Undergrad: 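My questions all concern the structure below.
Order of the sequence lines sets the chain letters (A, B, ...), proteins ahead of strands, with each chain counted from 1. Model, not experiment: these values are computed from the prediction.
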Amino acid sequence: MRGEPYDPKAIEERWRHYWRERGYFRVDTARPRNKFYYLNMFPYPSGYLHVGHGRNYIIGDAIVRFLKMRGYNVLNPMGWDAFGLPAENAAIERGIHPRQWTLDNIAYAKDQFRAWGIEYDWEREITTCLPDYYRWTQWLFLKLHGSGLAYKKRAMVNYCPGCRTVLANEQVVGGECERCGTTPEPRELDQWFFRITAYADRLLSDLADLDWPEHVKKMQENWIGRSEGAMIAFPTGVGSPIEVFTTRPDTLWGATLLVLAPEHPLVDKLTAPERRGEVERYRKEAIRATEVERTSTERPKTGLFLGSYATNPATGEPIPIWIADYVMPTYGTGAVMAVPAHDARDLQFARAYGLPVRVVIAAPDGSIPDPGEMSEALVEPGTMVGSGPLTGTPGEEAIARTVAYLEGKGIGRRTVAYRLRDWLISRQRYWGAPIPIVYCDRCGVVPVPEEELPVLLPDVPFIGKMGLADIPGFAETTCPWCGGEARRDTDTMDTFVDSSWYFLRFVSPHEEKAPFVTEDVNRWLPVDLYVGGVEHAILHLLYSRFITKALYDLGYVGFREPFQRLFTQGMVCHAAYRCPEHGWLYPKEVDSLRCAKCGQEVATSYFAMSKSKKNVVEPAEIIARYGADTERLYTLFMGPPDRDIEWSEDGIRGAWRFLNRFWNLVVGQLPRLAGVEGEPERLDPAGRRLWRKLHATVKKVTEEFAGELGLNTAIAAIMELVNELGAYVDGGGADPHLVRRVVRDLILLLSPFTPFLSEELWHRLGEKQSVLETPWPDYDPGAVVGEEVEIPVQINGKVRARVCVPVPVASDPHALQEAALAAGEVQARLHGKEVVRVIAVPGKLVSIVVR
RNA sequence: GCGAAGGUGGCGGAAUAGGCAGACGCGCUGGACUUAGGAUCCAGUGCCGCAAGGCGUGCGGGUUCGAGUCCCGCCCUUCGCACCA
C-alpha cells in the first residue's frame with residue numbers, strides 16, 4: 001500500500017501560518033487560573049542561531065506544547081538580550097551601527113524560530129537595547145541607588161584591554177576575560193557597584209527551597225563562599241590595631257606573625273623608615289602582577305618584613321608584621337594571622353623565611369609534633385596545647401570556647417566572611433544602558449529624576465572604537481537639582497543588569513508607567529520552569545536572584561526567588577578541525593583529515609558548537625534537507641536533555657527514516673480508518689498486546705514530560721509503539737477501531753516533538769481542531785499491566801528458564817514459586833539436584849538455589 | 001588541593017526502593033526490490049565458541065539467592081572553585 005510520500009517542504013509552511021494566525025501561543029495574563037510560566041533564557045542576537053542554540057528552544061517548545069494540551073494557561077515569552085560588546089565589534093568591523101546589526105540579527109533569528117515551528121507570543125517581545133526597555137533598567141538602577149544598594153567607590157578593578165572596559169569579578173573566568181579571553185589587568189578606578197554582598201546570607205540560605213540541579217546550587221554556594229570564624233584585633237604601635245579574620249581562632253596562641261596584603265591600608269604607617277624603598281618596590285610588583293600570576297598555586301611564596309611589630313593579644317608577645325602577595329586584599333580584612341604550625345600556606349611561608357613555628361593543637365593521636373621537624377601543617381582540629389587558660393580544651397569545643405574567651409576580653413568576636421564581592425556594573429562602552437547619574441560641582445552625585453528617564457544613548461551615525469565618554473556632547477547636561485552645568489556619567493551598565501529583571505517585564509511588556517505591574521507579577525511569578533545553559537549557573541542566575549530579593553525588600557514584588565525550578569540543558573558538540581598553520585577550519589576545508597590549503601594533517605576534537613571554532617551546523621541546511629520535524633526529533637532524541645551531546649549526521653538520518661516509516665504507516669492505513677468511530681472491543685491476543693503497549697507508552701511519555709524530562713527515552717518509547725503498530729498491521733491485525741485509536745494517540749504523543757507532521761496527519765485523519773486544542777491522551781493504569789507476565793527463573797544466579805503466568809499468580813509468592821517449579825524446563829534443570837532455597841519475588845522473578 | 005558529575009557493545013545511549021544488562025537509534029553483516037543505490041523493505045548483530053557452554057557494565061576486594069545499581073580501596077574523564085585565611 002503506497003501512498004503519498006512524506007515531504008516536509010510540502011506541509012510545513014501551511015502549519016506555520018495556521019498556528020500564528022490562530023494565535024495558539026498568545027496568552028492572556030489577566031487570567032492566571034491554571035497558569036504556568038515557562039521561560040527559556042533569552043538569546044543574545046549575534047547573527048544566526050545554530051542547531052546547538054536550537055536545542056534550548058526546541059526543548060522549551062516541546063514542553064510548552066505538552067503543557068497546553070494538558071490544559072495549562074502557558075506564558076512562554078521570548079526576547080533579546082540585545083546590548084553587548086559583539087554589536088560594537090561588528091560595528092567596528094563592518095561599519096554598521098550596533099543598533100542596525102542587532103535589529104537585523106533579531107529579525108533573522110525570529111524567522112529561524114518560525115522555521116523550527118516555535119511560535120511565541122510575539123506581542124510580548126522584549127528587546128533590551130530599545131529605550132522602552134532600558135528606561136526601566138535605569139529605573140532599577142535608581143531604586144538600588146536610592147536604597148544604598150548602588151554605590152560608587154574607587155577600587156582596584158579588572159580592566160580588560162581587549163574589550164576596553166572593566167569586568168565584574170564573575171566575568172573573569174580562569175584568569176581570563178569571559179568574553180574575549182584576554183588577561184585582564186588591575187586598575188584603580190572610580191566605579192559603580194551593586195551591593196550584592198548585603199544579600200550573601202539570603203542568597204545562600206534560600207537555595208534550599210529551590211528545585212534546581214544540585215550542582216548548580218553547589219556552584220552558587222561555592223561562589224558565595226560563606227565561612228564562619230572570628231575577627232581578632234592585634235594592637236600595633238601606630239594607634240590603629242590590625243583586624244584579622246580567621247576560621248581558626250583556636251590557633252591564636254600559635255600565631256607567630258601577621259601577614260598583610262601589599263595593598264592593605266596600614267602598610268604605609270607600619271613600614272619602618274629604613275625599609276620603605278624595598279616595601280614600595282615589592283608592593284608595586286605585587287599590584288602589577290595579574291590575578292593569575294598571583295594566585296597560581298605552585299608558585300613559591302614571597303613576602304617582606306615591614307620592620308614593625310604587633311602584639312599577639314593572647315600571648316602578649318610582639319610578633320613581626322609582613323606583607324605577602326598570597327594574602328588577598330579583597331577577602332576578609334586583607335590581613336591574616338599566620339599560624340605556621342596549623343596552616344599549610346603559613347607553614348610554607350614560615351619555612352621560606354625561617355620564621356618561628358609554634359604548635360598549639362595536638363595531633364589526632366594526642367601527640368605533639370616537634371615544630372622544627374614538621375613538614376606538613378597540622379590542620380585538623382584537636383586538643384589545645386600551650387594556649388594559656390584554654391590549654392586542654394578538646395578539639396570539638398576549641399573554636400567556640402576561644403571565641404567566648406576573646407569576646408570576654410574584648411579582643412575578638414564571632415564573624416562570618418564571604419567570598420562573594422560586590423557586583424561591579426560600570427562599563428566604559430557605548431552599547432549598553434547609560435547609568436542615570438549626573439555630577440554637579442555644587443550638588444555632587446545627583447540621580448536623574450525618574451520622570452526624565454530614559455537617558456537616551458546618543459544617536460551617532462557610526463560607532464568606532466569609542467565609549468560614551470568619547471562622544472561629543474553626551475556628557476554635557478544641567479543639574480536636575482540646581483539647574484547649573486553638570487556632567488553625565490559616561491559609563492553604561494553591565495549587560496547582566498539588563499537580563500537580571502527581564503522575566504518580570506514579560507508579564508506586562510507594554511506598561512508605560514512602571515517596569516512591571518506588581519499585582520500581575522505576583523500572580524505569574526516565580527517562573528515555574530526556567531531552562532537554559534549551565535554556563536549561566538553563576539552570573540545570570542545569581543544576579544537575577546539578587547535583583548529579585550532587592551525588589552522584594554523595596555516592596556515591588558511579593559516573591560523572594562525568580563525561578564522556582566531550573567533545568568540546565570547540555571551543549572551540542574560537533575567535530576572541530578584545526579590546522580597547525582591555518583587554525584580552525586570549516587569541514588569543507590578538510591579533505592581526508594588534511595588541510596585543503598596546505599595539506600598538513602588536521603587535529604580533530606569535539607567542542608560545543610561555536611562560530612569561532614567553525615564547527616556549527618546551520619538549521620537552514622538541515623531543514624531544507626529533512627524538514628524541521630526531523631531536526632526537532634533528532635535534537636531531543638540524541639541524548640538526555642541535561643547532558644552534552646554530539647551532533648551526528650548519521651543520527652539525523654535515523655530520525656528522518658523514523659518519520660518516514662510513521663508517515664507511510666499512517667497514510668497507508670487512512671483509507672481503512674475513514675469514518676471509523678468508537679473504541680475497540682473484544683480484542684484478540686495481538687490486539688491486547690498492542691492495547692497494553694499503547695497505555696504503557698502514554699504513561700511513559702506523560703511521566704517524562706511531567707517529571708524528569710527524559711525526552712530521549714520518551715521518544716524511544718514512541719518508536720517502540722510505532723514498531724508494534726507496524727507489526728500488528730503487517731501481521732494481519734485488522735481491528736480498525738484499535739488501529740485508529742493507536743494512530744490517534746501516536747500523533748498526539750508525537751506532536752510536541754514533531755508538530756508539523758502531527759498536525760498534518762491529524763487533519764488527514766479527519767480531525768477539525770488543532771492538536772494543540774486536543775487534550776493530551778490519557779492512559780488506564782489497569783491496561784498497562786496486561787493479563788500475563790513472563791517471569792524469569794534463575795538457578796544458582798543464572799537465568800535458565802522463563803515461565804508465563806497470569807498476573808494474579810505472578811503477584812502471589814507461593815503461587816509463583818509453585819508455577820516456576822512445575823515448569824518443564826525448570827524440572828529438567830533440577831533433575832538430580834537438591835533444592836536448597838527458593839526465592840519468589842512477586843512480579844519480578846524466581847530464584848532457585850540448588851546443590 | 002577541595003567540590004560535583006560521570007566511566008555500560010563498533011557509536012549515541014537504555015535499565016538504579018538490588019531482580020531478564022544492552023530498550024530505542026546509528027553503524028555493520030546477509031538478503032529482497034533495483035540499470036544503480038549514500039533510497040526503501042526483511043533478517044541478524046555484546047564478546048569467545050561449531051555447539052553445549054563460558055565471559056561480560058573502568059580496576060581490585062566485599063555484602064547478597066541475586067550487584068551496572070549497595071559497602072571498602074584504587075584508576076581515569078569532564079565540569080566548577082582554587083594561596084579565601
Undergrad: Which nucleotide in the list B:A14, B:C24, B:G38 gets nearest to the side chain of A:R625?
TA: B:G38

Undergrad: Under 3.5 Å, is there a donor-acceptor pair between the A:Y326 and A:D346 side chains?
TA: yes

Undergrad: I'd like to know if A:E704 pairs up with A:K700 as an ion pair, taking the criterion as any Lys NZ or Arg NE/NH1/NH2 lying under 4.0 Å from an Asp or Glu carboxylate oxygen.
TA: yes

Undergrad: Expressed in angstrom and rounded to an integer, what is the separation of A:E376 atom CD from B:C83 atom P?
TA: 19 Å

Undergrad: When the P atoms of B:G58 and B:G7 are considered, how many whole Å apart are they?
TA: 8 Å

Undergrad: On a whole-Å scale, what distance lies between the C1' atoms belonging to B:C72 and B:G1?
TA: 23 Å

Undergrad: Could you give the distance separating B:G3 and B:A82 at their P atoms, to the nearest angstrom?
TA: 16 Å

Undergrad: Could you measure between the two P atoms, the one in B:A15 and the one in B:A23, and give it in whole Å?
TA: 12 Å

Undergrad: Centres of the A:Y634 and A:W656 rings: under 6.0 Å?
TA: no

Undergrad: Checking one value: the base orientation of B:G9, syn if chi is within 90 degrees of 0, otherwise anti.
TA: syn

Undergrad: Please tell me which of the listed nucleotides, B:G80, B:G19, B:A82, lies nearest to the side chain of A:R419?
TA: B:A82

Undergrad: As a test of reading the structure: which of B:G25, B:A14, B:U40 is closest to the side chain of A:R657, going by heavy atoms?
TA: B:U40

Undergrad: Tell me the interatomic distance from A:L420, atom CG, to B:C81, atom P, rounded to whole angstroms.
TA: 14 Å

Undergrad: Searching all strands shown, indicate the nucleotide that pairs with B:G6 (Watson-Crick or G-U wobble; both distances under 3.5 Å).
TA: B:C76

Undergrad: One thing to verify: whether A:E221 and A:K217 come together as a salt bridge, which I'm taking to mean a side-chain N less than 4.0 angstrom from a carboxylate O.
TA: no

Undergrad: Verify the distance criterion only: is there a donor paired with an acceptor across the side chains of A:S227 and A:Y331 at less than 3.5 Å?
TA: yes

Undergrad: May I ask you to say what A:D650 touches in the nucleic acid, namely base, sugar-phosphate or nothing, with a heavy-atom cut-off under 4.0 Å?
TA: sugar-phosphate

Undergrad: Could you say whether A:A717 or A:W223 is positioned toward the 5' end of RNA chain B, judged by the nucleotide with the nearest heavy atom to each?
TA: A:A717

Undergrad: Do A:R413 and A:E243 meet the salt-bridge criterion of a basic N to acidic O distance under 4.0 Å?
TA: yes

Undergrad: Students often get this wrong, so: under 4.0 angstrom with heavy atoms, is A:D346 touching a base, only sugar-phosphate, or nothing?
TA: nothing

Undergrad: Return yes if some donor-acceptor pair links the side-chain N/O of A:H574 with the main-chain N/O of A:N615 below 3.5 Å, else return no.
TA: yes

Undergrad: Can you tell me how far P in B:C81 sits from the matching atom in B:U45, rounded to whole Å?
TA: 48 Å

Undergrad: Is there any protein nitrogen or oxygen under 3.5 Å from a nitrogen or oxygen in nucleotides 63-67 of chain B, and what are the pairs?
TA:
residue	atom	partner	partner atom	Å
B:C65	OP1	A:R837	NH1	2.8
B:C65	O2	A:S847	OG	2.7

Undergrad: Under a 3.5 Å cut-off for both contacts, is B:G30 paired Watson-Crick or G-U wobble with anything, and if yes, with which nucleotide?
TA: B:C42

Undergrad: Once you round it to whole Å, what is the distance between C1' of B:C26 and CG of A:L633?
TA: 14 Å

Undergrad: Using purine N1 to pyrimidine N3 plus N6-O4 or O6-N4 for Watson-Crick, or N1-O2 and O6-N3 for G-U wobble, both under 3.5 Å, which nucleotide pairs with B:A23?
TA: none

Undergrad: Any base atoms under 4.0 Å from A:T330, or only sugar-phosphate, or nothing? Heavy atoms, all strands.
TA: nothing

Undergrad: So which nucleotide from B:C81, B:G25, B:G27 ends up closest to the side chain of A:R661?
TA: B:G25

Undergrad: Could you work out which one of B:A85, B:A39, B:A21 sits closest to the side chain of A:R653?
TA: B:A39

Undergrad: Name the closest nucleotide to the A:R800 side chain, picking from B:A21, B:G54, B:C24.
TA: B:G54

Undergrad: Using the rule given for side chain to side chain contact (heavy atoms under 4.5 Å, CB included), can you reason through A:L636 versus A:I59, listing the C-alpha separation, both sets of side-chain angles and the distance that settles it, and then say yes or no?
TA: CA-CA 7 Å; A:L636 297 174; A:I59 290 170; 3.5 Å; yes

Undergrad: Using the C1' atom as the point on both nucleotides, what is the distance between B:G19 and B:A67, in whole Å?
TA: 10 Å

Undergrad: Would you name the heavy atoms of A:H264 and A:G334 that are closest together and state the gap between them?
TA: CD2-O, 3.5 Å

Undergrad: When both hydrogen-bonding distances must be under 3.5 Å and the geometry is Watson-Crick or G-U wobble, what is B:A52 paired with, if anything?
TA: none

Undergrad: Which nucleotide, B:G80, B:C83, B:A85, lies nearest any side-chain atom of A:K301?
TA: B:C83

Undergrad: Should A:D7 and A:K9 count as an ion pair when the cut-off is N to O under 4.0 Å?
TA: no

Undergrad: Would you call A:E724 and A:R689 a salt bridge, using N to O less than 4.0 angstrom?
TA: no

Undergrad: Would a line drawn from the ring center of A:Y353 to the ring center of A:W322 be shorter than 6.0 Å?
TA: yes

Undergrad: Pick out the pairs of N or O atoms, protein on one side and nucleotides 2-12 of chain B on the other, that lie under 3.5 Å.
TA:
residue	atom	partner	partner atom	Å
B:G12	O2'	A:M638	O	2.9

Undergrad: Please state the P separation for the pair B:C11 and B:G27 - nearest whole angstrom.
TA: 15 Å

Undergrad: Considering only side-chain heavy atoms of A:K844, which listed nucleotide, B:A85, B:G25, B:G19, is closest?
TA: B:G19

Undergrad: Expressed as a whole number of Å, how far does the P atom of B:G31 sit from that of B:A36?
TA: 14 Å

Undergrad: Report the residue (A:N723 or A:V846) whose heavy-atom-nearest nucleotide on RNA chain B is the more 5′ of the two.
TA: A:V846

